[in-house]
Amino acid sequence: MPEIILKNVTKMYGKFAAVDNLNLTIADGGFVTLLGPSGCGKTTTLRMIAGLETPTEGEISIDGKVVFSSEKGTDVSPAKRDVGFLFQNYALWPHMTVEQNIAFGLENMKWSKDKIAARVTELLGTLKIESLGKRYPSELSGGQQQRVAIARTLATNPSVLFMDEPLSNLDAKLRTEMRSELKRLHAETHATFVYVTHDQLEAMTLSTKTCLMKEGIVQQYAPPLEVYNNPANAFVGDFVGSPTMNFIDGTAQNTPGGLSVKAQGLDLLYTPGAAGVTVADGAKVTLGIRPEFIRIDDSSRVKAKIYAALPSGMETIVKISLGELVLTLVVFGAVDYPVDAEVGISFAGENCILFDKESGKNLGLGKLTVV
Ligand SMILES: Nc1ncnc2c1ncn2[C@@H]1O[C@H](COP(=O)(O)OP(=O)(O)OP(=O)(O)O)[C@@H](O)[C@H]1O
Ligand SMILES: [Mg+2]
């Protein structure tokens, strides 16, 4: 089973770096998502690993074998890289039934009729589309077509599977359903999945590791919960999580009790966690706190006003005004607070992230209190 290693991979289009000095190791059997806003270089990265795009510089190896090296002039063709593709437009052959679509690649590989039939049956089972084998693509729903496309891609047993936004054509409900199917499929096939998405929730829920990119440069490559709880910088913190992280800009002053932060009409105290932080007096900082770590707490002496409450059934997003700030918090269940009602609030645990305002760099986690 293969490990994929990218070393100093760069792709230039003229003077523009679509991917800039990328270093990435994709573990054997991993489910890695390439995540980031439109145009950040996700598809380009995937296409370079697959051999569909030639890097300007760098080296790529799959399973210990160098498949591309700008220095040595190596460039192994896509067909010889033992990888499967599933792209956004997963066109099935309209004149072939589901079974024929799935069997197509195997026939090309000159498998025997019996072996092909057995493999097709197995895949129809895996993708839970047993009853659809004799139908034509036009007789299937979008989600069913998607499954057939996945079955077709899996047929030849690729040890690496590349997927570029494969669920983007589906409605929200089907997308959620297909996410579980993909996760099961990954567990069952033991293949290495490299998955492109701009949907942070998809990346969070599916991957063993997320590579978050911005303008061709990797911002963080870590397991999704680490990206969520300890983002490398403010861009990452803002990109993952919904509702988004609250950001509070201020000026820091070292005091015996921690960092005093004067922020938009508020006096805050940031107490660093065990790891500690070093910040110069007068430094411009940004405090980041996720909505679930702001609590409505009537015993708190810190009072805020309800700006708006948005109950959606399972949870309620509440916007509160605190000083000049409007912060977002989330409570479980449907709770309706009248506009302008006064509530007590507190910040839970050591869950506030101190960012350097200028660079956005994460300086450390700590506890936030209102003085
Ligand atoms: N053939 C090309 N010629 C010039 N520029 C290109 C070419 N292909 C891609 N680019 C540029 O490279 C950058 C990265 O493109 P890429 O397709 O990798 O983005 P992406 O992260 O997949 O975005 P999306 O989420 O919109 O699919 C973009 O700015 C794009 O305009
Ligand atoms: Mg893309």
Side-chain angles (χ1 to χ4, degrees), residues 4-26 30-60 62 67-68 70 75 77-78 81 83-91 142 146 149-150 153 160-172 175-176 178-179 182 192-207 209-222 224 227 231-242 244 360:
I4 302 169
I5 301 172
L6 283 80
K7 279 190 203 148
N8 307 105
V9 172
T10 294
K11 176 70 187 180
M12 305 292 298
Y13 289 113
K15 284 194 172 149
F16 170 77
V19 174
D20 196 355
N21 198 29
L22 178 69
N23 286 285
L24 198 65
T25 299
I26 298 172
F31 195 141
V32 166
T33 44
L34 304 175
L35 174 68
S38 185
C40 72
K42 306 180 294 292
T43 297
T44 306
T45 302
L46 193 69
R47 289 175 56 88
M48 287 192 293
I49 307 174
L52 301 170
E53 198 79 66
T54 311
T56 313
E57 256 179 68
E59 188 178 291
I60 300 173
I62 300 179
V67 293
F68 179 85
S70 57
D75 193 1
S77 73
R81 293 190 188 190
V83 294
F85 304 106
L86 190 61
F87 288 106
Q88 188 171 342
N89 300 312
Y90 46 86
Q146 187 81 66
I150 294 175
T153 310
V160 185
L161 195 57
F162 291 121
M163 290 176 272
D164 194 347
E165 313 235 9
L167 307 185
S168 59
N169 293 339
L170 307 182
D171 67 39
R175 224 164 39 219
T176 314
M178 284 305 296
R179 266 185 218 142
L182 280 177
T192 304
F193 282 27
V194 188
Y195 189 97
V196 165
T197 182
H198 63 265
D199 181 336
Q200 57 92 19
L201 190 60
E202 215 158 270
M204 290 297 298
T205 50
L206 288 178
S207 38
K209 253 179 146 179
T210 297
C211 174
L212 209 156
M213 299 172 73
K214 179 192 174 194
E215 292 165 9
I217 297 171
V218 173
Q219 305 294 305
Q220 189 167 9
Y221 181 47
V227 171
N233 57 43
F235 171 83
V236 174
D238 191 34
F239 196 84
V240 299
S242 172
T244 51

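Just so you know, ligand 1 is whichever comes first in the structure, and atom 1 is the first atom listed for that ligand. Keep in mind that the numbers below use all heavy atoms, side chains included, and drop hydrogens, waters and symmetry copies. The residues of the chain are indexed from 1 along the displayed sequence. Please read these numbers as outputs of a predicted model, since none were measured by experiment.
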May I ask you to check if ligand 1 and [X] share an N or O to N or O distance below 3.5 Å?
{"X": "Lys42", "result": "yes"}
{"X": "Cys40", "result": "yes"}
{"X": "His198", "result": "no"}
{"X": "Gly39", "result": "yes"}

*Give a yes/no on ligand 1: does Gly41 have at least one heavy atom closer than 4.0 angstrom to it?*
yes
*Verify the distance test for Thr44 against the Mg ion (ligand 2): any N/O/S atom under 2.8 Å, yes or no.*
no
Report, one line per pair, each donor and acceptor closer than 3.5 Å where one atom sits in a side chain of residues 6-22; sequence neighbours left out.
{"unit_1": "Asn8", "atom_1": "ND2", "unit_2": "Asn21", "atom_2": "OD1", "d": "2.9"}
{"unit_1": "Thr10", "atom_1": "OG1", "unit_2": "Asn21", "atom_2": "N", "d": "2.9"}
{"unit_1": "Lys11", "atom_1": "NZ", "unit_2": "Thr54", "atom_2": "O", "d": "2.7"}

*Decide yes or no for Val240 and Leu35: does some side-chain heavy atom of the first lie under 4.5 Å from some side-chain heavy atom of the second?*
yes
_Exercise: identify the closest heavy-atom pair between Phe193 and Leu182_ = CE2-O, 4.0 Å
_Closest approach of Val196 to Pro166 (non-hydrogen atoms, all atoms of both residues)_ = O-CD, 4.4 Å
_Lys42 side chain to Leu212 backbone, donor-acceptor under 3.5 Å_ = no
_Distance filter under 4.0 Å to Phe16 heavy atoms, resulting ligand 1 atoms_ = 11 (C), 12 (O), 13 (C), 29 (O)
*Atom indices of ligand 1, in the order listed, that fall short of 4.0 Å to a heavy atom of Ala18*: 12 (O), 13 (C)
Side-chain donor/acceptor pairs under 3.5 Å, residues 213-222, sequence neighbours excluded:
{"unit_1": "Gln219", "atom_1": "OE1", "unit_2": "Asn233", "atom_2": "ND2", "d": "3.0"}
{"unit_1": "Gln219", "atom_1": "NE2", "unit_2": "Ile217", "atom_2": "O", "d": "3.2"}
{"unit_1": "Gln220", "atom_1": "OE1", "unit_2": "Ala232", "atom_2": "N", "d": "2.7"}
{"unit_1": "Gln220", "atom_1": "NE2", "unit_2": "Asn230", "atom_2": "O", "d": "3.3"}
{"unit_1": "Tyr221", "atom_1": "OH", "unit_2": "Thr25", "atom_2": "O", "d": "2.7"}

